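Here the structure is a predicted model, which means the values were calculated and not measured. Each chain gets a letter, A, B and so on, in the order the sequences are listed, and its residues count up from 1.
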2 protein chains.
Amino acid sequence: MATGRTHRPATRSRGIPEATVARLPLYLRALTALSERSVPTVSSEELAAAAGVNSAKLRKDFSYLGSYGTRGVGYDVEYLVYQISRELGLTQDWPVVIVGIGNLGAALANYGGFASRGFRVAALIDADPAMAGKPVAGIPVQHSDDLEKIIQDNGVSIGVIATPAGAAQAVCDRLVAAGVTSILNFAPTVLTVPDGVDVRKVDLSIELQILAFHEQRKAGEDAAHSDGTGPAAVTREESDASADQGPDGDVPAVMPA
Amino acid sequence: MATGRTHRPATRSRGIPEATVARLPLYLRALTALSERSVPTVSSEELAAAAGVNSAKLRKDFSYLGSYGTRGVGYDVEYLVYQISRELGLTQDWPVVIVGIGNLGAALANYGGFASRGFRVAALIDADPAMAGKPVAGIPVQHSDDLEKIIQDNGVSIGVIATPAGAAQAVCDRLVAAGVTSILNFAPTVLTVPDGVDVRKVDLSIELQILAFHEQRKAGEDAAHSDGTGPAAVTREESDASADQGPDGDVPAVMPA
DNA sequence: CCATCTTTGTGCACGCGTTCACAAAGACAT
DNA sequence: ATGTCTTTGTGAACGCGTGCACAAAGATGG
């Protein structure tokens, strides 16, 4: 998963396992599709197939919600949509700020999936004065000087960081100080936050690297196992050869490095 | 984690646990930063702090690589960078195609992190004829009619899907048929692929929903524990959690997908 | 050469998550 | 009512991942 939690001792949140929480949105999406097709009930088997999971797992997940299925019939689609929505807190309004309106920030601002689930883009914030006032996705960009005020005025508790890596921690600190307690981080950095603050990260580069690893394995099964040897001597002399193309530690880019 | 694997029975890839593979890019990033500062060696403790993980975990991770640290000293930064890069397959060139050049696709195309790690954007593909030829991030967009040819001509094995949900599965099928064996999916859909094809997904909406869940819990600790109402038959112990606000108990709770 | 000190590499135990497999529950037909 | 058939809910076993804690390895100094 492109995502990874930061910290958090795998604490069960009120009896609901983290792994289950992470799947609820998946179920919700599948259920919503069924709902739109006016399907009244669905079996664990069908729903599991739609969500791409094991049916036993799905049943156990629902059992944590104290779910109500009917044996011999299945689950009531509408009811389940409502229950999961409520459990996830989607029945309320979540004002969100996006900090860093570059390519990615703009893409996020335009992303329809936000609004459709109770998430409302309350403000777009960027450090570039030239951006101030410029509308993106119909919302005028505000300067980061006003970050604290914006957070407080809008009662924002969820912040999205889409800045370059170098700015992320500073932005994060300011968000937290202003009252934000949940952060979705797109910058390729490890963020340090106080207890009580949740951070989730989305890291494109990491995802690609994981794919590359598996891809290499697949390819390597037939062909080359020739390079292999890691000559012990390699250490020093190789330094420039092995050398990575420097650029990436301080990525100027807007996305995860 | 913004990411989630699809399928895959938690298979160990050549003895290296999945969880470890997922952390290697993190270590690599931290190491690259050290390398740029010309730090010669680093202890597991220091590196673990930089990567935001437990030091014992880090040492165990490296031990799977047959890693070479020096007791009493630590790890040689350059050597480790080289080893991890090689293990992840980053020493070779990975041509990548991005399908769906909307806001997100464009952001991805502009993402600098691609090039810096051996990933090369070989082509941008979109279904809109109006986009064809138009350059994005310096690369001309090509029409999806030519998808198969593009994949084959460039020897692409990794594809990025940034299309609307509705188009994702069809695009996925075509990519796979054309020879792509690793897919990074940004579309909010569960993709079905044949065995041997890896799919990783990045799902914004899911990440936000998970944050909302925890946010709700944090907020709910002070406030509402007042639900009380015990309407309709309560199946299990905790079931009260699911039953509440009588008035809209069976309301469709319209929630767009 | 020996002693001491640092840091790695790992054996071990524990807990979460997954999956199987089945009994209990209810729908439905007779 | 009673029996049959479907599908849920869950007990139990297993495997992966995590973190502690320590012995082994090597550097360093006398």
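Side-chain to base pairing of R71(B) with dT8(C): one donor and one acceptor N or O lie within less than 3.5 Å of each other. In terms of polar N and O atoms assigned as donor or acceptor, the side chain of K60(B) comes within less than 3.5 Å of the base of dG19(D) in a complementary pairing.
Nearest-nucleotide assignment on DNA chain D puts the 5′-proximal partner with V42(A), out of R23(B) and V42(A). For the pair A19(A) and R59(A), nearest-nucleotide mapping onto DNA chain C gives the more 5' position to A19(A). Both S63(B) and K57(A) lie near DNA chain C, and the one whose nearest nucleotide falls closer to the 5' end is S63(B).
Using a 4.0 Å cut-off between a side-chain N of Lys or Arg and a carboxylate O of Asp or Glu, R29(A) and D203(B) qualify as a salt bridge.
Whole-Å rounding puts the E18(A) CD to dG17(D) P distance at 17 Å. L58(A) has its CG atom 12 Å from the C1' atom of dT7(D), to the nearest Å. dT6(D) atom C1' lies 12 Å from atom CD of E45(A), rounded to whole Å. Atom pair D61(A):CG and dT19(C):P shows a separation of 11 Å (rounding to whole Å applied). When the P atom of dT6(D) is taken as reference, atom OH of Y75(A) falls 18 Å away, rounded to whole Å.
Using a 4.0 Å heavy-atom distance criterion, F62(A) is classed as making no nucleic acid contact.
Side-chain N/O atoms of Y82(B) and E78(B) include no donor and acceptor closer than 3.5 Å. Checking R59(B) against S44(B) by side-chain atom types alone, a donor-acceptor pair falls below 3.5 Å.
Dashed line: the shortest gap from a side-chain N or O of Y68(B) to OP1 or OP2 of dA25(D) is not under 4.0 Å. When the side-chain nitrogen and oxygen atoms of T70(A) are compared with OP1 and OP2 of dG26(C), none of them lie within a distance under 4.0 Å. Not one side-chain nitrogen or oxygen of N54(A) sits closer than 4.0 Å to the OP1 or OP2 atom of dG17(C).
The aromatic ring centres of Y27(B) and F62(B) sit less than 6.0 Å apart.
Nearest heavy-atom pair across A162(A) and L108(A) is CB-CD1, 4.3 Å.
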